[in-house]
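Structure first, then comments.
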Amino acid sequence: MTAEPHNTTRLRGLKKRSQFLRAARGIRAGRASFALQAIASEHELPGIGFTVTKKTGNSPERNRIKRRLRAAAGACATGFQPQHDYVLVGRREALAAPFDELVNDLTGLLTRVHTKKADGLRNQRP
RNA sequence: CCAGUUGACCGGGUGACCGCUCCACGUAAGUGGAGAGGAAAGUCCGGGCUCCAUCGAAAUACGGUGCCGGCUAACGGCCGGCGAGGGCGACCUCAGGGAAAGUGCCACAGAAAGCAAACUACCCCGUUCCGACGGGGAAAAGGUGAAAGGGUGCGGUAAGAGCGCACCGCGGACCUGGCAACAGGGACGGCACGGCAAACCCCACCGGGAGCAAGACCAAAUAGGGAUGACGCGGCGCAAGCCAGCCGGUUUUCGAGGCCUGUCAUCCGGGUUGGUUGCAUAAGGCCCUUGGUAACAAGGGUCUCAGAUGAAUGGUCACCACGCGGGGGCAACCCCGCCCUACAGAACCCGGCUUACAGGUCAACUGGCGUU
């Protein structure tokens, strides 16, 4: 599977704690303002969730980080592959980072994650 | 104009593009509407509501509150008043019931810390080896302390002392004003009655517990706990029925012993997951009138005002306002840059309290300076 864009932009929100824990076992990649976790799933639509821990800041700051990440995810929604779950872990730098940087980081991380995954699959085969 | 006190309020705006949640309409595509706070916070009090317990109430224990009057559904809240302390003043602060019900404590220092006593020093008498010692008087002086048993002055005395007197303080029958807390006056009393109740305690009043993850309902799948009914093998019996066993399960393991005993259907019960409800028309907001100093109450009009659940109420950009810095200009103002704004995000709902808060607005009042 390559990282070529698909035509649907619809995303499926992750809601259960078990879904988040499962995604945490997947492939990880990070930048200054957030980290990305991805894992294969059975659903056709790509699933996406957001995690900002309490030590990142107080409630308005955490809300703002989530909203900016959600907007960035909407901006490059075509980069998410079907049959995968993604979790974005927000960091404090996401509060002040320029929006274009967030979008660029996310698209870069998406391609990186998927090439990593392809390499992993190749290595598993003897 | 400067300095200050108190109270109330705002706490960004507009536009464009792209989105989220709910509601209404629509078969649908979609269209329209609504969408965080003054503290949503801390979870410190008080309620509504729900379940549990309980006949209801009271008492014991425990906890809370504590000047007086009022307001309120209620409060530890609010309003008004009183007292004490602070400030030139506007005004601010207050764990503000009872110390003659009882118990206890009052560190250090000091002779002595609650009952009156007496270390130094004072006075008188006696003795004397002239250093002092003994007996008595007295509580003014010294020193200690947060506090030393009224203060100051005069008289008085051997020295002194409310011993006597004047003023002040204290207690105080009673009188006056006030609903009251309390305030004012005060015969009389020679002074007796120190402080701590954020020490125990006493008095008065209040309080059952847990909380929306409360609670109610629905649907799935899973496990197979209980009840009822039907059906089956062996023995006995005409029958209804009774009895025993095989297989298996359970009793933590093994043995013994005990118990249940198979299949199907229905109902009940239990936990898990998901959904619905609880859930926003309420001690409701705004405006006006009346009563009240006020808190507030009564009446009338008008409005419907967030309902998420990995949790919506936004993201990006531009301009403007405000503020700050720099430059130009006599000035009004103009240009550039920065922050593109504080504290902070509803989670069942109300009434309060407390804490946080960049910047700004208004009103009333106080003190000072200047002008008329």
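Within every chain, numbering begins at 1; the chains are lettered A, B, ... in the order of the sequence lines, protein sequences first and strands thereafter.
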Pairwise [atom1] distance for [N] and [M], with rounding to whole Å:
N	M	atom1	result
B/rU6	B/rC320	C1'	36 Å
B/rG269	B/rU263	C1'	23 Å
B/rA90	B/rC82	P	14 Å
B/rG284	B/rC55	C1'	38 Å
B/rA99	B/rA183	P	16 Å
B/rC191	B/rG171	C1'	9 Å
B/rC167	B/rG137	P	35 Å
B/rG70	B/rA181	P	13 Å

Once side-chain hydrogen bond (donor to acceptor under 3.5 Å, both in side chains) is applied, what residue pairs with a partner in residues 86-105 of chain A remain, sequence neighbours excluded?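 Residue pairs passing side-chain hydrogen bond (donor to acceptor under 3.5 Å, both in side chains), neighbours aside: A/Arg31-A/Asp105, A/Glu61-A/Arg92, A/Tyr86-A/His114.
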Nucleic acid footprint by protein, nucleotides 10-18 of chain B - heavy-atom cut-off 4.0 Å, B for base, S for sugar-phosphate alone: ---------
In the 5'-to-3' direction, what one-character label does each nucleotide of nucleotides 307-316 of chain B receive under the scheme B = base within less than 4.0 Å of a protein heavy atom, S = sugar-phosphate only, - = no such atom? ---BS-SSSS
So, is the end of the A/Arg68 side chain (NZ or CZ) under 6.0 Å from the ring centre of A/Phe99 and within 45° of the ring's axis? no
Please confirm whether the backbone N or O of A/Ala29 pairs with a side-chain atom of A/Arg112, one donor and one acceptor, at under 3.5 Å?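 No; judged by distance alone, with no hydrogens or angles, the pair does not exist.
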